[in-house]
Every structure is written in structure tokens, then in C-alpha cells.
Amino acid sequence: MTLALLTGPAAEPVTLAEARAHLRLDGTEENPLVEALIAAARAALEAETRRAFVTQSWRLTLDDWPADPVRLPLAPVAAVTAVKVASLSGAMLPIDPGFYETDLADDAPRLAAKRGQAWPMPATRLAGIAVDFTAGYGAAADVPPPLKQALLLLVAHWFEHREPVAAGNELPRTITALVAPWKRVRL
């Protein structure tokens with residue numbers, strides 16, 4: 001199973017102005033660093049929570065169909081945009097959306113072939129199945145405030161501590177507490 005970003009977010013969950021205000025910066029000489037920290041903090045918190053904050057397009061690639069429904073590794077998922085399977089010619093052929101059903105309202109989004117249907121087998125043994133989907137809360141304004149606050153705190157933490165810290169890759173406790181209710185548990 002491989003997950004690949006197809007289209008990243010159109011905007012970050014917090015603006016440069018919001019981050020600058022949080023950091024109490026007057027000058028603009030640190031703007032490139034702050035912008036990089038915003039993007040890095042978003043990516044780190046998305047990985048920590050297994051959520052997409054702002055709308056993004058992703059592709060899940062599988063070698064074979066699982067016995068149970070296909071579980072999408074990110075949430076929230078707005079739509080499954082395409083399901084494709086490899087043909088003998090090597091082309092990825094789309095599967096009609098009427099063939100499968102989705103459960104995207106849950107925090108564990110998934111899709112499955114409808115009752116009485118069987119998924120078509122891919123012609124290749126490796127990476128023969130692709131599931132494209134759109135994930136995220138929507139626009140930057142739709143991202144839950146605790147996640148935005150955690151992002152601002154992480155930007156501030158990295159801004160103040162520009163060298164690697166002795167504790168490794170652990171998030172500060174305040175940030176961990178903010179994102180804890182948003183973490184998706186792996187089963």
C-alpha cells in the first residue's frame with residue numbers, strides 16, 4: 001500500500017500574517033522561514049493525526065484487493081474520485097462508480113464492491129490498483145481551531161529552537177494535548 005499526494009492544499013491552514021502575529025514579528029526578513037515552518041508544521045501534524053487539513057488530492061496504490069473493505073488512510077474524505085485497475089496493456093482502466101459503494105461519513109473512510117460484485121483483478125502483481133480521493137476539511141477557514149492552534153504553537157516552537165532537540169522527534173506536550181482528540185487510531 002502506497003499513498004501519494006497528487007495535488008497539495010491551495011493554501012495553508014494559517015496565513016503568514018497569523019503566524020507573524022503569533023510570533024510577534026515586526027520585520028519581514030524572517031518571512032521565508034516562517035512560510036517554510038508553516039508548511040512543515042502542517043505536514044508534521046497531518047502525519048501525526050492521519051488527517052488532511054485543507055482539501056488535497058491523494059492516490060492510494062494497492063497490489064491486491066483486501067478481503068475487507070478498502071480503508072482509506074486519511075480523513076476526512078470528501079469523495080472517492082476514481083478507482084482504477086491495471087489492464088494487460090498496462091493502462092489503468094477506471095471502474096464504474098456504480099460498481100462500488102463508499103462510507104465517507106465515518107472517521108475511518110472506506111470503499112467496497114457492492115453486494116454480489118467482485119473487484120476486477122489487476123493484470124499486474126504490483127501496484128495494479130489505484131484509488132484517487134479528495135481529503136481535507138475544505139478551505140483553510142474550515143480547519144478545526146485546535147488544529148490551527150497546534151500548528152501555530154509548532155511553528156513558534158521550531159522558530160525558537162532552530163537546532164535539533166535532544167528529545168528526538170517528539171512534539172511538545174501542549175501540541176500533543178491539542179491534537180490528541182484528532183488523532184486517528186490505527187487498528
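Just so you know, these numbers come straight off a predicted model, no measurement behind them.
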Can you get from [X] to [Y] by hopping between Ile, Leu, Val, Met, Phe, Trp and Tyr side chains that sit under 4.5 Å apart?
X	Y	answer
Leu60	Val80	yes
Leu154	Leu33	yes
Val143	Leu74	no
Tyr137	Leu151	yes
Val54	Val34	yes

Please collect all side-chain hydrogen bond (donor to acceptor under 3.5 Å, both in side chains) contacts where either partner lies in residues 117-127, sequence neighbours excluded, each pair once.
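Output for this query is empty, none listed.
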
Under 3.5 Å, which donor-acceptor pairs link side chains of residues 2-13 to any protein atom two or more places apart or in another chain?
from  : atom 1 : to    : atom 2 : distance (Å)
Glu12 : OE1    : Arg42 : NE     : 2.6
Glu12 : OE2    : Arg42 : NE     : 3.4
Glu12 : OE2    : Arg42 : NH2    : 3.4

For Asp26, does the CG atom have more than 12 heavy-atom neighbours from other residues, nucleotides or ligands under 6.0 Å away?
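Not more than 12 within 6.0 Å, no.
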
Ignoring hydrogens and angles, tell me if any N or O in the side chain of [X] forms a donor-acceptor pair with the backbone of [Y] under 3.5 Å.
X	Y	value
Lys84	Ala91	no
Lys148	Val14	no
Arg24	Ala21	no
Thr55	Gly138	yes
Glu46	Phe53	yes

Could you tell me the separation between the [atom1] atom of [X] and the [atom2] atom of [Y], rounded to the nearest 0.5 Å?
X	Y	atom1	atom2	answer
Ile175	Leu147	CD1	CG	12.0 Å
Leu111	Phe133	CG	CZ	10.0 Å
Arg20	Glu30	CZ	CD	9.5 Å

For Pro120 against Ile95, the heavy-atom pair lying closest together:
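Closest pair (atom of Pro120, atom of Ile95, distance): CG-CD1, 3.7 Å.
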
Going by side chain to side chain contact (heavy atoms under 4.5 Å, CB included), Leu45 matches just one of Leu153, Leu171, Leu178. Which one?
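Filter result, single survivor: Leu171.
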
So, applying side chain to side chain contact (heavy atoms under 4.5 Å, CB included) with Arg110, which one of Leu104, Asp103, Val77 is it?
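Among Leu104, Asp103, Val77, the one meeting side chain to side chain contact (heavy atoms under 4.5 Å, CB included) with Arg110 is Asp103.
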
May I have the step-by-step check of side-chain contact (heavy atoms from CB on, under 4.5 Å) for Glu18 and Ile38, ending in yes or no?
CA-CA 10 Å; Glu18 290 170 323; Ile38 292 169; over 6 Å; no

Does the pair Arg51/Asp107 count as a salt bridge with the N-to-O cut at 4.0 Å?
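Looking at Asp107 together with Arg51, the answer is yes, because their closest N to O distance falls below 4.0 Å.
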
